[in-house]
Structures are given as C-alpha cells and as structure tokens.
Amino acid sequence: MTVLLTVVIFLPLLAAAVLVASPGMSGRSATGLWIAASAADLVLVGWMWWRFEPGTGASGVLDGPAFEADLQWIPTVDAGYHVGVDGLSLPLLALTGVLFLACAVYSLREPDRPRTYAALFLFLQTACVGTFASLDLILFFVFFDLTIVGMYFVIAGWGHGNARRSALTFFLYTFIGSLALLVGFIGLFLGSEERTFDMVALAADPPLADSPVAGGLVLLAIGLGLAVKTPLFPFHTWLPDAHTDAPAAGSAVLAGVLLKLGTYGFVRIAMPILPDAWQRWAMVAVVVGVISVLWGAFVALAQTDVKRMIAYTSVNHMGYVLLGLGAAGLVASADEGARTVATVGAMYQMVSHGLLTGALFLLSGWLWSRGHTYAFEQWGGLARPAPVFAACLAVAAFGSLGLPGLSGFIAEFQVFTGALEAVPVATVIAVVGILVTAGLFLLALQRLLTGDTVAPGGTDPGGEPGAGRAGEGRAPARAGAVSSVATEVPPATGIRDLRGHELLAIVPLLALAVVLGLFPRVLLDVLEPAATAVVELVAR
C-alpha cells in the first residue's frame, strides 16, 4: 500500500523515459503509450479513491494520511520523500488523472513531433501528481518547479502566435514566484522548533506562533509565490498570453491542473501551518479574492478572442476560491460550520473549474484546427454545421456561469453561503461577478453559435490535423494562411463537427461536471472531513 502512491507518481515519468529512449517509435504508437500510461494511472487513483476512508485527517494531522510513504532524503535539514493522500489531495489527484487522459486522447492525431509531445505531458503529469501528494516542503517545491519547466517547453515548442515570448513570460513570472515560495519555506524551517520541512510536523506544531511579524512576513512570501501560480490579481498578467498561444491540450492542463497548485498550496500549507498569521491576514485574502472575481469577469467581457476570454474567467473563478479560504480564517466573524462550508466550496470549485475550463480550452482547440483563429468576429452560426460542438460548448459555458444542475453551481453556492456570515459586504460584491460571468458566456454563445454561418477564409472544413496543425509553433510561416475576412459557409458543406477523438476527450469532462452537479455527495463525502480538519487547525 505504501508503494502504490509512488507508482501513481512515477508511472507517467517511466512511460516518458520509454518514449525518449525509443526514437524510432511512430507517432501513433507514442500517443497510444501516452494514453495507456495515463489510463493506468487514473485506474490506480480510482482504486485509491475506492479504498480511501474519508475520515483520514487533513494535512497529515489527526488520523494521518493514507497511502503514506516516508523516506529520508536530506537528513541535515530533515527533508524527505514524504508523500500521502487525504481528503484535500485525493480529489485533485483524480482531477489530474482525468484531465491528462483527456488531453492524451485529444492529441491522438497530433502531427508535430508526437513522441516528444507525449513525453513532455507525461513528465508534466508526474510533476503535478507529485506536488499534490507531497507532505514535505522541499519535495513540494521540487515538483512545483518541475511543472514550470514542463509547461514552458509545451508552450514554446507546440504553441502558436508569439509562443516563445509567451512561454518565456510564463517561466519568468512563475519561477520568480517559486523563489518567493522557497524563501517562505525556509522561514518555516527556521521558525520551527524541530527544524524540519515536514508538513505533518509543522502542522502539528505551527512555527512562529509567538512571532506575529515574522509569521506575517513568511505568509507574505508564501502567499506571493502561490498568488503568481494561481494566478490572482495583480499577478495574473502572464496568464492570457500563455493560454492564447499554448496548444489546446496545454491550455487545458495549465488551467485545469497547474493553477490549482497555487490554491492547493493555500489550503495545504498556509492555512494549517500558519494559522495565527492566516487569521490576522484573512481579510486581505478576501479582498484580493473579490478583486480577482470582478477584474477577471469584467476584463473577460471585453475580450474579442475566445481563448483570452476563457483565460480571464480563470482569474475570476480562482477569486472565488480565495474568497472562501479567506472567509475560513475569519474565526471571530463566523462559526465553524459556516467556515467549513466556505472551505468545502473553495475545494469543490477547484475540481469544478478544472473539468469545465479544461473542456472549454479543448473546445477552443476545435476553432483553431478548423480556422486557425480564436477571433469572435471570424466565426458565427456554428450551431448549424457543428451541432455537437455547439451542444458541448453550451454545457461547458452554462457550467462555468454556475447554472444549477452542474458542478459550478454547487461550488459557488457553498462559497457564498459560507462566506456570507463572515464577510457579508464582500460576498454581495462578489455576486456581481456571477452576473458578469453569465453575461459574457451568453454573449460568447450568441457570437459563435447563432446567426449566419460564417468562418475564416481558408478554413479547413474537415479540421484535418495535417492541414492545420503541422508547424503550429511557427507563427511567421502561417501568417498569411488565414484570411482576415470571414466568409459565409453553406450549411451543407460546412466545417466538420467534433471528430471521434475530440468527443472522447471532451464529453467525459462535461459528464463528470453534470454528475458532480446532480450528485455532489460523491465529492462532498471526501472533502467535508478534510475541510473540517483544516478549519479546526486554523482556529487553534
């Protein structure tokens, strides 16, 4: 049992090593191995979910983590290979497995260096799973930084537009943030009596409890590092370009998984290990969360590019997460039940956003593969030639705006319900973000799906990968490939609807969002005990 989690972490990396060591492997075989490895990893996570007991304590406290492995690594600073699973990390491990498998299936027809592409994503999967499973700060930092490296090469090598510039901006921003995170981790080490980087020990005996200034500075360093990764206003400026220029699968992983590393860090590290500092500065977290909600929604509303619009909605949705976590720290303003509900809502939002926004970015890839543009003005009336695409886009959009019956509603409802007692004014202001988000998604659906059927000049009707995706990372060669003038497409000969591999990648994500919207107990039974434990730790 102790080996199982290690297998889950490193199985994708092993498959990546096989791909790197097999230069003669065909592209189809490489993608097949990618799908097989991701599917096997997801099956193992599913088995862990089935065997998991929801009463397992959060943050390695109370009953201890499940599937735990603890090996000495750097004895001089008590840093080790310490991994485990609890109710906070297990849902995000499952989300990671689902999204990476969806991206593998979606990339089945990837024509541009598919073997290297698959190896990079498998490497990235190991880094993400390792971050969520880490119970040691140094181990967390190592995996956290490896995700930056992997995503940099995905954007730079397979992106479009100003891909290299966007990749460099992404790397520099997030790497600087990770350095701030490392400074904060060192501060926790120096402030602890045991001089350890072990999260379990630090959460059981919080450092710097008697030093409010030092505790506040350490929280500031950790908060800055996580805010850049999340990203929260005003540290979000790397996000739109990175998303716009990344390949569709890269955008799905970036939004669905990598952004959660930031919010997960708040609930895993900042809240249980620095409870006093989190209580003192919780209102700052609430304010930053509300600003992110409003800024992300209003800026998304102004976009003329589909992918940039979806990117800014991620800032909006991550703002809801921070609002809930900030409310959980306002011990004097709300009872334990309300703060628990807010924390559960924040965690539920992480999972919901990963599914829905991952689906939205894969759907945006359909636009690129057919017309090589995300501009709203280049598309229209797509419901007639591509009804399945239109239906999937509508479900993803309605889920993202919080329609009842979908996972987004469960998440946002709990965040607002839990936060209302602690911060009523901020919560009411944040509700405006829901109204704006609803407006921007409805407007996007109207622009893309209704009216006369139009598409960019030079559109590839069938969306064949070889015609539109080869050399995707080389923008100058394609600069004149697509006319800036949209042309009417007769419905009888219109662009091709979602292909089989696209459906197999996108529909399961939407189906899971529906399941979590109609049967939330599937996830709540795992989240609630862990959220209760975190709230108790913060209130110490």
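Positions are given from 1, in the same order as the sequence printed here. The figures that follow rest on heavy atoms only: side chains count, while hydrogens, waters and symmetry mates do not.
Aromatic pair Y264/F132: ring centres closer than 6.0 Å. Between F416 and Y320, the ring center distance clears the sub-6.0 Å criterion.
Checked by atom type and distance alone, the side chain of S292 pairs as donor or acceptor with a backbone atom of F233 at under 3.5 Å. Between the D335 side chain and the A338 main chain, a donor and an acceptor come within less than 3.5 Å of each other. Y348 contributes a side-chain N or O that, together with a main-chain N or O of L516, makes up a donor-acceptor pair within less than 3.5 Å. Side chain of R268 to main chain of L261: no donor-acceptor pair is present (N/O by atom type, distance under 3.5 Å, no hydrogens or angles). Not a single donor-acceptor pair under 3.5 Å links the side chain of Q378 to the backbone N or O of Y374. A distance-only check finds no donor-acceptor pair linking the side chain of D245 to the backbone of S166 [under 3.5 Å]. With T450 contributing its side chain and G381 its backbone, the two residues share no donor-acceptor pair below 3.5 Å. Under a 3.5 Å cut-off, the side chain of H243 and the backbone N or O of L239 do not form any donor-acceptor pair. The main-chain N or O of A419 is found under 3.5 Å from a side-chain atom of T427 such that the two form a donor-acceptor pair. Side chain of W47 to backbone of L42: no donor-acceptor contact under 3.5 angstrom is found.
Proximity of T304 to E377: side-chain heavy atoms (C-beta onward) are nowhere separated by under 4.5 Å. Inter-residue side-chain proximity for H236 and M318 is flagged as unmet; no heavy-atom pair is nearer than 4.5 Å. A 4.5 Å side-chain heavy-atom check between F153 and L124 finds every atom pair outside the cut-off. Side-chain contact between L406 and V514 is present, with at least one heavy-atom pair separated by less than 4.5 Å. L259 places none of its side-chain heavy atoms less than 4.5 Å from the side chain of T230. With a 4.5 Å cut-off on side-chain heavy atoms, L92 and L95 count as touching. At least one side-chain heavy atom of V423 sits under 4.5 Å from a side-chain heavy atom of M283. Residues F170 and L254 have side chains in contact (heavy-atom distance under 4.5 Å, counting atoms from C-beta outward).
Taking each heavy atom of A346 and L325 in turn, the nearest pair found is CB-CD2, 3.8 Å. Summarising the geometry of I9 relative to A133, their closest heavy-atom pair is CD1-CB, 4.0 Å, with the distance given to 0.1 Å. The two residues A297 and G433 make their nearest non-hydrogen contact at CB-O, 4.0 Å. Residue E502 comes nearest to R499 through the heavy atom pair OE1-N, 2.7 Å, listed as atom of the first residue, atom of the second, then distance. For G354 against L99, the heavy-atom pair with the smallest separation is O-CD1, 3.6 Å. Nearest heavy-atom pair, D41 versus V129, reported as atom, atom and distance to 0.1 Å: OD2-CG2, 4.5 Å.
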For K229 and T147: C-alpha separation, side-chain torsions, deciding distance, then whether side chain to side chain donor-acceptor pair (under 3.5 Å) applies.
CA-CA 11 Å; K229 189 76 166 185; T147 65; 3.0 Å; yes
From CA spacing to verdict: side chain to side chain contact (heavy atoms under 4.5 Å, CB included), L93, C128:
CA-CA 8 Å; L93 289 178; C128 291; over 6 Å; no
Run F298 and Y312 through ring-ring contact (aromatic ring centres under 6.0 Å, His included) and show every step you take.
CA-CA 9 Å; F298 280 108; Y312 277 111; over 10 Å; no
Take L393 and L449, measure what side chain to side chain contact (heavy atoms under 4.5 Å, CB included) needs, and give me the verdict at the end.
CA-CA 9 Å; L393 182 64; L449 305 182; 4.1 Å; yes
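In summary, of the residues considered (W34, Y106, W158), a ring-ring contact (aromatic ring centres under 6.0 Å, His included) with F121 occurs for W34 alone. Under the side chain to side chain contact (heavy atoms under 4.5 Å, CB included) test applied with H501, the options L108, T31, I35 reduce to a single match, L108.
Atom CH2 of W295 has 12 or fewer neighbouring heavy atoms from other residues, nucleotides or ligands inside a 6.0 Å radius.
Residue pairs satisfying the salt bridge (charged side-chain N to carboxylate O under 4.0 Å, His left out) criterion with at least one member in residues 420-435, sequence neighbours excluded, are absent. Counting only residues at least two apart or in different chains, salt bridge (charged side-chain N to carboxylate O under 4.0 Å, His left out) contacts with residues 88-107 are absent. Pairs of residues two or more places apart, or lying in two chains, that qualify as side chain to side chain donor-acceptor pair (under 3.5 Å) and include a residue from residues 353-362 are K260-H353, S314-H353, H353-T357. Contacts classified as salt bridge (charged side-chain N to carboxylate O under 4.0 Å, His left out) and involving residues 304-313 (residues at least two apart or in different chains) are given here: D241-R308. Pairs passing the side chain to side chain donor-acceptor pair (under 3.5 Å) check and including a residue from residues 402-414, sequence neighbours excluded, read S352-S407.
If you take CD1 on I148 and OH on Y152, they are separated by 13.0 Å, rounding to the nearest 0.5 Å. Atom CZ of F441 sits about 15.0 Å away from atom CD of Q446, to the nearest 0.5 Å. Taking CD1 of I291 as the reference point, atom CG of L323 lies at 12.0 Å (rounded to 0.5 Å). For the atom pair CG (L445) and CG (L448), the distance works out to 7.5 Å, reported to the nearest 0.5 Å. One finds the OG1 atom of T313 at 10.0 Å from the CG atom of L356 (value rounded to the nearest 0.5 Å). One distance of note links CD1 of I410 with CD of Q349; it measures 11.5 Å at 0.5 Å rounding.
A tilted orientation is assigned to the rings of W379 and W366, their planes being inclined by 30° to 60°.
Under the rule for a side-chain hydrogen bond (donor to acceptor under 3.5 Å, both in side chains), S400 has no partner lying at least two apart in sequence or in another chain. Residues meeting the side-chain contact (heavy atoms from CB on, under 4.5 Å) test with A285, sequence neighbours left out: W278, L322. Applying the side-chain hydrogen bond (donor to acceptor under 3.5 Å, both in side chains) criterion to T237, with sequence neighbours excluded, gives Y173. Every residue meeting the side-chain contact (heavy atoms from CB on, under 4.5 Å) condition with A40, not counting sequence neighbours, appears here in chain and number order: L11. Checked against side-chain contact (heavy atoms from CB on, under 4.5 Å), A252 has the following partners two or more places apart in sequence or in another chain: C103, F361, L362. Scanning for side-chain contact (heavy atoms from CB on, under 4.5 Å) contacts around V388 gives C392, D497, L498, L503, with sequence neighbours left out.
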Enumerate donor-acceptor pairs with a distance under 3.5 Å from any side-chain N or O in residues 524-535 to protein atoms, sequence neighbours excluded.
from	atom 1	to	atom 2	distance (Å)
D525	OD1	R521	NE	2.8
D525	OD1	R521	NH2	2.8
E528	OE1	R521	NH2	3.0
T532	OG1	E528	O	2.9

